[in-house]
Amino acid sequence: MTDATHTPAAIADLYIAAWNETDPQRRRALIAQGWSEDASYLDPLAGVSGHDGLDALIDAVQRQFPGLRFSLLGAVDGHNDRLRFSWALGPEGGEPLARGTDFALLAADGRLRSVTGFLDQMPTA
């Protein structure tokens, strides 16, 4: 994590950009740029691996919450090959519907290797 593209903030920004990208081709490019091929994602509601799994999960979340956007909350914290950051999901400029905190492990090339998400606030039925 030494150059500007591999700072904790830049990695988290790319992560959020992938979750917000609705164009399938651009989203796949962001996933390839930000995640290692063997990457995994796990939260209380989903667990996927690989670029195909990540793409399918992001697509499903976008379909479940159409028009909502992810944003970073606060500062991104990183050391060694670890990241911690919080996020919100809601309408642009509006009150968040959901919030969470993610912990990430980086691959040797600075891309995400695994992300474990914790849901701090979720919508009620």
Side-chain angles (χ1 to χ4, degrees):
M1 292 192 322
T2 55
D3 66 39
T5 61
H6 291 109
T7 64
I11 294 166
D13 285 343
L14 184 59
Y15 173 85
I16 294 295
W19 281 93
N20 286 332
E21 183 55 66
T22 57
D23 179 88
Q25 289 182 339
R26 288 194 301 255
R27 183 174 58 238
R28 287 295 295 215
L30 289 169
I31 290 169
Q33 182 182 351
W35 296 76
S36 65
E37 288 78 10
D38 62 345
S40 64
Y41 175 89
L42 178 66
D43 71 23
L45 304 175
V48 298
S49 60
H51 290 179
D52 289 341
L54 292 162
D55 185 48
L57 175 61
I58 293 170
D59 182 63
V61 169
Q62 290 176 354
R63 289 176 192 270
Q64 183 177 1
F65 300 104
L68 300 185
R69 309 270 301 163
F70 284 92
S71 60
L72 288 171
L73 294 175
V76 179
D77 190 21
H79 67 80
N80 296 301
D81 62 350
R82 313 293 166 141
L83 291 181
R84 174 183 64 184
F85 53 91
S86 294
W87 51 266
L89 174 66
E92 190 114 19
E95 190 63 29
L97 181 67
R99 297 174 196 258
T101 301
D102 290 357
F103 297 87
L105 177 62
L106 302 177
D109 65 3
R111 292 186 296 165
L112 296 165
R113 188 168 92 197
S114 70
V115 174
T116 302
F118 289 82
L119 305 175
D120 302 326
Q121 171 191 331
M122 288 299 293
T124 56

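Every value quoted in this text rests on a predicted model; they were computed, and no experiment measured them.
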**Q** For the residue pair L106 and H6, establish whether any side-chain heavy-atom pair is separated by less than 4.5 Å.
**A**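 No, side chains not in contact.
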**Q** If you group Ile, Leu, Val, Met, Phe, Trp and Tyr whenever their side-chain heavy atoms sit less than 4.5 Å apart, what else falls in with F103?
**A**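 Hydrophobic cluster check, F103: joined to F118.
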**Q** Going by the angle between their ring planes, with limits at 30° and 60°, are W35 and Y15 parallel, tilted or perpendicular?
**A**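 Rings of W35 and Y15: tilted, 30 to 60°.
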**Q** Apply salt bridge (charged side-chain N to carboxylate O under 4.0 Å, His left out) to D102 and list each qualifying residue two or more places apart in sequence or on a separate chain.
**A**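 Partners of D102 by the salt bridge (charged side-chain N to carboxylate O under 4.0 Å, His left out) criterion come out as none, since no residue qualifies.
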**Q** Which residue pairs pass the salt bridge (Lys or Arg N to Asp or Glu O under 4.0 Å) test when at least one of the two sits in residues 44-54, sequence neighbours left out?
**A**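 Listed once each, the pairs are R28-D52.
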**Q** Applying side-chain hydrogen bond (donor to acceptor under 3.5 Å, both in side chains), can you list everything that pairs with D120, at least two apart in sequence or on another chain?
**A**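 With sequence neighbours excluded, D120 shows a side-chain hydrogen bond (donor to acceptor under 3.5 Å, both in side chains) to T101, given in chain and number order.
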**Q** Considering residues at least two apart in sequence or located in another chain, which fulfil the ring pair (Phe, Tyr, Trp, His ring centres under 6.0 Å) criterion with Y41?
**A**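 Residues passing ring pair (Phe, Tyr, Trp, His ring centres under 6.0 Å) with Y41: W19.
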**Q** What pairs with D77 under side chain to side chain contact (heavy atoms under 4.5 Å, CB included), at least two apart in sequence or on another chain?
**A**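 Partners of D77 under the side chain to side chain contact (heavy atoms under 4.5 Å, CB included) test: R84.
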**Q** Taking only residues two or more places apart in sequence, or in another chain, which ones meet L73 in a side chain to side chain contact (heavy atoms under 4.5 Å, CB included)?
**A**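 In terms of side chain to side chain contact (heavy atoms under 4.5 Å, CB included), with neighbours along the sequence ignored, L73 is linked to S86, A88, R99.
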**Q** Return the set of residues passing side-chain hydrogen bond (donor to acceptor under 3.5 Å, both in side chains) with S40 (not counting sequence neighbours), or none when no residue passes.
**A**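 With neighbours one apart ignored, the set is empty.
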**Q** Would you please name every residue forming a side-chain hydrogen bond (donor to acceptor under 3.5 Å, both in side chains) with Q33, sequence neighbours left out?
**A**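 By the side-chain hydrogen bond (donor to acceptor under 3.5 Å, both in side chains) rule, Q33 matches no residue at all.
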**Q** Using a 4.5 Å cut-off between side-chain heavy atoms of Ile, Leu, Val, Met, Phe, Trp and Tyr, which other residues end up in the same hydrophobic cluster as L14?
**A**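 Answer for L14: L30.
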**Q** Suppose we screen for side-chain hydrogen bond (donor to acceptor under 3.5 Å, both in side chains). Which residues come up paired with R27, at least two apart in sequence or across chains?
**A**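 Applying side-chain hydrogen bond (donor to acceptor under 3.5 Å, both in side chains) to R27 gives D55, Q62.
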**Q** Of the non-hydrogen atoms in L83 and G78, which two are nearest, and what is the gap between them?
**A**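 Minimum heavy-atom separation between L83 and G78: CD2-CA, 3.9 Å.
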**Q** Let me check something: do I58 and L68 share a hydrophobic cluster, defined by ILVMFWY side-chain heavy atoms less than 4.5 Å apart, either directly or through other members?
**A**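 I58 clusters together with L68.
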**Q** Partners of D23 by salt bridge (charged side-chain N to carboxylate O under 4.0 Å, His left out), sequence neighbours excluded?
**A**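 D23 satisfies salt bridge (charged side-chain N to carboxylate O under 4.0 Å, His left out) with no other residue.
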